[in-house]
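A quick write-up on the structure given underneath.
Throughout, a chain's letter reflects where its sequence line sits, starting with A, and its residues are numbered from 1.
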Amino acid sequence: MEPVSLVPHEGRWRCPLQHAQADYHDGYRGRIFRDLLSRSLSPLHRDSCPLVGDGGDAGLVPVGHPRREEDCTRHPVLDRKVRSGRDLRSRLKSWRGAFSPRHCSPMKMADATFMNGDACVLERDSCGFFGKTHYPRATIRTGFHMRIPIKEVTPGCERAEVCGFVHEVRDLGGLVFLLVRDRTGIIQVTVPKKKVAEDVLCAVRDVSRESIVRVSGTVKAIDKAPGGRELVPESFEIISRAESPLPLDVAEKVPAELDTRLDSRFLDARRPRVAAVFHIRSVLARTIHEYLFSAGFVNITTPKIVAAATEGGTELFPIAYFEKEAFLNQSPQLYKQMMMGAGFEKVFEIGPIFRAEEHNTTKHLNEATSVDVEVSYADHHHVMALLEDLLVTLYRRVDEECRPFLDAMEIKDFSVPSCPFPRLPYDEAIAIAQKKTDEQVTYGDDIGTAAEKAIGEEMGGHYFIVDWPTAIKPYYAMPYEDDPSICKAFDLMHPRMELSSGAQRVHQYDLLVRQIQSKGLNPDNFSFYLLPFRYGMPPHAGWGLGMERLVMTMLGLSNIREAVLFPRDRHRLVP
RNA sequence: GCCCAGGUAGUGUAGUGGCCUAUCAUGUCGGCCUGUCACGCCGACGACUCGGAUUCGAAUUCCGACCUGGGCGCCA
């Protein structure tokens, strides 16, 4: 048996399948396993011998083993060479201390040694007594008591244990086919009724669709089966039985309306095409973090409970805050600007925003996620360049990393936009709208839905609308010095809708006060916000990007509610 | 907030005054079936959002409530 070799996989080091058919467990098993693996596989410990634990009967099992006694194994946690199992065992106490109690307390901890490929595992029960269990090499190799991801069950496996949902049951009489699904894929479990044990047969007869089962048995390479392999169970356990009928059909034989789906979102999200949206959204969030951190941004968190409106305009949700009146924040705008006054220079926040508008459309939510960015010593050109580069980076990342999810959604024509996006001055945008629509559109109007659609068709891809009239943008947008009737504000548009708006901000106290007044607002209500502008405020610019709209336009979703797990709209407060 | 369209088994649907004891599919239950892959076949189960009105008779027409979808306004 060769020492275990480690391969990079989805950003982590892991053992190839033949050595340890275990990874990505949820719950304690996964945490222990990953924790051990990540500790042991830092570059310093590249050659160490990882331990694999399932937290159950098997305790912790070393994967691979040194070829000779003198092949020392670097202990994963102690970072020192361990000569033998006995040595390893003697370090158990301090080794245990390296884990937090939440990792250890429910587990049976174990120590292990190995000879000739076999493992001898010392297990401790809850009373603290040690027992000794001998696991032959074959057992380790096949992952005894180990759940493995379904996609990693290949025709080459001898044995496998999988856990997941019962996707479908097809009972042919003497032969039953069950499809078992986890987040990685679907495997066919084939039950020849005359050949399996009585308890397996009982469980198979009793199981319902979408129940959670654990199945272990032998893997057979069969061309007729999906994925070229099937699992013939030696044990079949119903871990959690699903009631029937189901609120909606997970196997997608019968379509369900969005409203029905949202009522049972947990079931809806079991459907691979729905789950794909949120896996991609997760990749987007991770990429935004990576991008902004590597560009030197500081992540901040600002209050969602506020005393007053930030911008006027939109309706706010009032809440009772002890003896005071308060609101849910519509935007982190004022707070991220204040952090410019704090000298943070580059900040970002990805967080919820709340709008109490009674709109009820496919592109509005009452609770949305905003990606907010603010940069000191920057103007609107700088932050537009940042925004378009980020957007292209996100598209490229999804294109590179999310193929299986795009396939699950049957998106075939995913294309990455290219920089730079056109900068369309507001007056030209109005001219296009006037030319292409019947609606009365004049300079100084906000761009309505029909105009937005007409301009989007003309532009064909992402574009910026720049040089807006100062009158229709918020007070914090910086007017041009040579023509104060227009300002350094911009909107990032997708042909279907607005994705982001931003501006270079007013950083001069006197001008800001005048602009607040000119919008008919009372500067006294903004004193907390205005204060930093009196004690040295760098020039700055920023934007806010609607996360759901980004997901929606990127994936061609017809309704923005598809881009949120649990949307909040005019009528929906539950779940 | 305004306008339009809807509300029929768990799910998705057909039915626009009497042929409705309400269609079909899926599902669930029972029966048959050893290579299915939307398995197939046979049988059963299961619904007209609520309240009021018109009518001999209402799932169907009218009024109201509640809920839903779409559009607009406003917004990101």
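Closest to the side chain of A:H364, out of B:C74, B:G35, B:U26, is B:C74. Closest to the A:T449 side chain, of the nucleotides B:G12, B:C74, B:G73, is B:G73. The side chain of A:V254 has B:U11 as its nearest neighbour among B:G35, B:U11, B:G70. Comparing atom distances between the A:T260 side chain and each of B:U11, B:G35, B:A76 picks out B:U11 as nearest. For A:R549, counting side-chain heavy atoms from C-beta on, the closest listed nucleotide (B:A76, B:G35, B:C37) is B:A76.
Heavy atoms of A:I222 sit under 4.0 angstrom from at least one base atom. At the heavy-atom level, A:T361 lies under 4.0 Å from base atoms of the strands shown. Among the protein residues, A:A450 comes within range of no part of the nucleic acid, since none of its heavy atoms lies under 4.0 Å from any strand. Residue A:K193 is out of contact with every strand shown, counting any heavy-atom pair closer than 4.0 Å. Among the heavy atoms of the strands lying under 4.0 Å from A:L365 is at least one base atom, whether or not backbone atoms are also near. Among the atoms of the strands shown, none is found under 4.0 Å from any heavy atom of A:G546. Contacts of A:N559 with the nucleic acid, taken as non-hydrogen atoms under 4.0 Å apart, involve only primed sugar atoms and P, OP1 or OP2. Here A:A368 lies in heavy-atom contact (under 4.0 Å) with a base. Residue A:D446 is in sugar-phosphate contact alone, with no base atom involved, counting any heavy-atom pair closer than 4.0 Å across all strands shown. Within the nucleic acid shown, A:P247 comes within 4.0 Å of sugar-phosphate atoms alone, with no base atom in reach, counting heavy atoms only. Across all strands, A:R570 comes closer than 4.0 Å only to sugar-phosphate atoms, never to a base (heavy-atom distances). Among the protein residues, A:E230 comes within range of the nucleic acid bases, having at least one heavy atom under 4.0 Å from a base atom.
Counting to the nearest Å, the P atom of B:G71 and the CZ atom of A:R496 are 10 Å from each other. Computed from coordinates, the A:L258 CG to B:C67 C1' distance equals 15 Å when rounded to whole Å. Put simply, CG on A:D268 is 14 Å from P on B:U11, counting in whole angstrom units. At whole-Å resolution of the value, CG in A:D259 and P in B:U13 are 12 Å apart. Protein atom CG of A:D171 is 14 Å distant from nucleotide atom P of B:C37, rounded to whole Å. Rounded to whole angstrom, the span from the CD atom of A:E168 across to the P atom of B:U28 amounts to 10 Å. If you take CD of A:E243 and P of B:G27, they are 19 Å apart, rounded to a whole angstrom. Rounded to whole Å, the distance from NZ on A:K363 to C1' on B:C75 is 9 Å.
Comparing the C1' positions of B:A59 and B:G15 gives a spacing of 8 Å, expressed to the nearest Å. A gap of 30 Å separates the P atoms of B:C45 and B:A38, to the nearest Å. Taking atom P on both B:A9 and B:A5, the two are 23 Å apart, rounded to the nearest angstrom. Rounded to whole Å, the C1' atom of B:C24 lies 27 Å from the corresponding atom of B:G70. On the P atoms, B:U54 is 12 Å away from B:A58, given to the nearest whole Å. Of the C1' atoms belonging to B:G27 and B:U61, the separation is 35 Å, rounded to the nearest Å. B:G7 and B:A53 are spaced 23 Å apart, taking the P atom of each and rounding to whole Å. Remark: the separation of the P atoms in B:G17 and B:C2 is 32 Å, to the nearest Å.
Under 4.0 angstrom from either OP1 or OP2 of B:G70 there lies no side-chain N or O belonging to A:T362. Taking 4.0 angstrom as the limit, A:K253 places a side-chain polar atom (N or O) nearer than this to OP1 or OP2 of B:G27. For A:R572, no side-chain nitrogen or oxygen approaches OP1 or OP2 of B:U68 to under 4.0 Å. A:H571 has no side-chain polar atom (N or O) that falls below the 4.0 Å cut-off from OP1 or OP2 of B:C67.
Remark: B:U13 base-pairs with no nucleotide in the shown strands. Criterion, Watson-Crick or G-U wobble with two distances under 3.5 Å. Across every strand in view, B:U28 sits in a pair with B:A44 that passes the Watson-Crick or G-U test at under 3.5 angstrom. Base pairing of B:G69 is made with B:C4, judged by Watson-Crick or G-U wobble geometry with both donor-acceptor distances under 3.5 Å. In this structure, B:G18 and B:C56 make a Watson-Crick or G-U wobble pair, each of the two defining distances being under 3.5 angstrom. If you check B:U36 for Watson-Crick or wobble pairing at under 3.5 angstrom, you find it has no partner at all.
No donor-acceptor pair closer than 3.5 Å links the side chain of A:T362 to the backbone N or O of A:I560. Formation of a donor-acceptor pair under 3.5 Å by the A:R229 side chain with backbone atoms of A:P226 is found in this model. The backbone N or O of A:S418 lies less than 3.5 Å from no partner atom in the side chain of A:Y395, so there is not a single donor-acceptor pair. With hydrogens and angles disregarded, a donor-acceptor distance shorter than 3.5 Å links the side chain of A:S211 to the backbone of A:A242.
The ring of A:Y426 has its center closer than 6.0 angstrom to the ring center of A:Y443. Ring centers of A:H289 and A:F348: under 6.0 Å apart, within the cut-off. A:F464 and A:F490 have their aromatic ring centers within a separation under 6.0 angstrom.
RNA chain B is contacted by both A:N366 and A:L246; A:L246 maps to the nucleotide lying nearer its 5′ end (nearest heavy atom per residue). A residue-by-residue look at A:P245 and A:S501 shows that A:P245 has its nearest nucleotide of RNA chain B further toward the 5' end.
In the model, A:E349 has a side-chain atom that pairs as donor or acceptor with a side-chain atom of A:T302 under 3.5 Å.
Between the side chain of A:E257 and the base of B:U68, no donor-acceptor pair under 3.5 Å is found.
Across A:H540, A:R505, A:E374, a single residue satisfies side-chain hydrogen bond (donor to acceptor under 3.5 Å, both in side chains) together with A:Q337, and that is A:H540.
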